[in-house]
Structure formats: structure tokens, C-alpha cells
Amino acid sequence: MTEKEKMLAGEVYSAVDPELIRELNETREVIHDYNALRPSETRRMKEILKALLGHVGDDDILINQPFRCDYGKQISVGKRFFANFNFTVLDEARVTIGDDCFVGPNVSIYTACHSTDPVVRNSRQEWAKPVSIGHNVWIGGSVTILPGVSIGDNVTIGAGSVVTSDIPSNSVAVGNPCRVVKNI
């Protein structure tokens, strides 16, 4: 398997593989162009997002600048997707976001995992776990979603939360670590 195939399969891979570094740099070039667009250039923004992301549900997509991601192709967003300023997605694994989702400012979604052993971590070996977010989800500002998390449908994640484990459908969850505080 190539290092990219290992990455996408959730296996340990070399994060300094030349092919992966090339793809990261290509994505950074596209992201630079996206973030440099004037706010009035919404048609061009949508064109770039449709080419960059793995799936876009419809034309009703808006990601306020600046936006950051690693590869783009592992990100899937549903219909009527909105993300506010400073949306960051480390998409070494799939990130799937459903329809009618709203993302507050300064939200980060991480799929990349690193060893807590410094010797292993310094070898640049890592792995990735997918993140799944259902339909009708509102993620408040400055939320961090960690690798391997699944968030159900009809969920609100309170501002400043750190989502370390799955959140069931029809709930409001807040805190660090994020916990359900109300069922809907």
C-alpha cells in the first residue's frame, strides 16, 4: 500500500511521505487562492469549493474566509452548508457533514492522530480516524471536534466545547469534555 492508501484506510502511515507532502502543498495553493478572493466573488468561491471538496450537496454553500484544510477531497458537506470564519479541517480521514449544518467561527475538526510516546511521535508516523456530523447540526464558536467522533442529527454543540466522544441525535451538548445536557 502507498502511504496515502494507508492514511485513508486508518492505518499508521508516514506523514512526511513525498506524495502526501505534494498533495498538501497543492491544497494550500488552492486554499490561498480561495482566501484571497474578495467577499463579493461568491460564484468563484463556490467553484473552488466544489473542485476542492470531495462532495458538496448543492450551490447553497458558504464558508467564510479564512478557511483551512489539509487535502479537501476527504471532506463531504450536505445541502445548505454554512461555516463561519476560521473553519479548520484536518482531513486525513473522511469528514462527513450532513444537510443544514451551521458551523460557528473558529471551529476545528481533526482526524489526524499522533502517539503520546515522543519517540514514536517524532518519527512522523501517524494515523487518522473519520469524523461524522449528521443533519441539522449547529456547532457553536470555538468548538474542537477530535478524531473518530460521530455527532448525530438535530444536535447543538455549545460554544467552546471539546468533543472527545460521540454525541447522540436530538441533543444539546456542551463543555470540555463535551457532554449531553439536554435531550430535544
Side-chain angles (χ1 to χ4, degrees), residues 1 4-13 15 20 23-24 27 31 49-64 67-114 126-184:
M1 294 178 90
K4 182 176 182 177
E5 290 169 337
K6 291 177 190 176
M7 178 183 80
L8 295 175
E11 296 180 13
V12 174
Y13 67 94
L20 292 176
E23 286 188 35
L24 285 168
T27 302
I31 291 293
L49 290 173
K50 284 184 171 186
L52 175 66
L53 303 181
H55 171 78
V56 174
D58 62 15
D59 282 340
D60 197 8
I61 180 175
L62 176 60
I63 299 177
N64 281 334
F67 167 56
R68 302 273 188 260
C69 68
D70 278 341
Y71 296 95
K73 291 300 179 194
Q74 281 78 251
I75 302 170
S76 173
V77 298
K79 297 175 183 173
R80 297 169 298 278
F81 178 74
F82 170 77
N84 216 322
F85 306 105
N86 296 313
F87 183 42
T88 299
V89 183
L90 304 186
D91 62 313
E92 281 67 20
R94 279 192 69 65
V95 174
T96 306
I97 302 172
D99 296 341
D100 297 300
C101 288
F102 300 92
V103 176
N106 303 308
V107 168
S108 297
I109 299 174
Y110 306 143
T111 66
C113 303
H114 307 277
E126 58 186 62
W127 64 98
K129 295 180 182 179
V131 168
S132 176
I133 299 170
H135 302 294
N136 303 306
V137 174
W138 176 22
I139 300 171
S142 299
V143 167
T144 300
I145 300 171
L146 297 184
V149 165
S150 179
I151 297 172
D153 297 332
N154 310 311
V155 171
T156 298
I157 304 293
S161 296
V162 178
V163 186
T164 61
S165 60
D166 294 352
I167 303 296
S169 292
N170 305 306
S171 61
V172 176
V174 301
N176 180 4
C178 191
R179 301 216 189 285
V180 173
V181 295
K182 178 181 175 183
N183 292 315
I184 300 173

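All residue numbers refer to positions in the sequence shown, counting from 1. As a basis for the values below, the full set of heavy atoms in this structure was taken, side chains included, without hydrogen atoms, waters or symmetry mates.
Under the 3.5 Å distance criterion, the side-chain polar atoms of K73 are matched with a main-chain donor or acceptor of A51. No donor-acceptor distance shorter than 3.5 angstrom exists from the side chain of N170 to the backbone of N183, with no hydrogens or angles considered. Listed for the S171 side chain is no donor-acceptor partner under 3.5 Å among the backbone atoms of K182. Listed for the D166 side chain is a donor-acceptor partner under 3.5 Å among the backbone atoms of S150.
Distance check, rounded to the nearest 0.5 Å: NE2 of H135 to CG of D100 gives 9.0 Å. The CZ atom of F81 sits 9.5 Å away from atom CG of L49, with the distance rounded to the nearest 0.5 Å. Atoms CG and CG, from L8 and D91 in turn, are 9.5 Å apart once rounded to the nearest 0.5 Å. Of the inter-residue distances, the one linking L53 atom CG with I97 atom CD1 reads 9.0 Å to the nearest 0.5 angstrom. Expressed to the nearest 0.5 Å, how far CZ of R94 lies from OG of S132 amounts to 9.5 Å. Here the straight-line distance linking atom CZ of R68 with atom CG of L90 works out to 12.0 Å at 0.5 Å rounding.
Here the shortest heavy-atom pairing between Y13 and K6 reads CB-CB, 3.8 Å. Of all the heavy atoms in R80 and D99, the pair that sits closest is NH2-CB, 4.4 Å. When all heavy atoms of I75 and C69 are compared, the closest pair comes out as CD1-CB, 3.8 Å. In this structure, V143 and I145 approach most closely via the heavy-atom pair CG1-CG1, 3.9 Å. Heavy-atom minimum distance, Q74 versus A93: CB-O, 3.5 Å. Residues T111 and P147 approach most closely at O-CB, 3.5 Å, considering heavy atoms.
For the pair E23 and K4, the salt-bridge criterion is met [side-chain N within less than 4.0 Å of a carboxylate O].
Side chains of N136 and D153: no donor on one and acceptor on the other come within 3.5 Å.
The shortest distance between side-chain heavy atoms of D60 and F82 does not fall below 4.5 Å. Taking 4.5 Å as the limit, some side-chain heavy atom of L52 sits within range of a side-chain heavy atom of T27. Side chains of V131 and Y110 form no contact here, defined as non-hydrogen atoms less than 4.5 Å apart. V174 has its side chain within reach of S161: a pair of non-hydrogen atoms, C-beta onward, lies under 4.5 Å apart. Using a 4.5 Å cut-off on side-chain heavy atoms (C-beta onward), N64 and L62 make contact. Residues N84 and F102 form no side-chain contact, since every pair of their non-hydrogen atoms from C-beta on lies 4.5 Å or further apart. Side-chain contact between I139 and I133: present, with at least one pair of heavy atoms (C-beta onward) separated by less than 4.5 Å. Side-chain atoms of Y71 and L24, non-hydrogen and from C-beta on, do get closer than 4.5 Å to each other.
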Exercise for review: Evaluate side chain to side chain contact (heavy atoms under 4.5 Å, CB included) for S169 paired with N154, printing each intermediate quantity in order.
Suggested key: CA-CA 6 Å; S169 292; N154 310 311; 5.5 Å; no

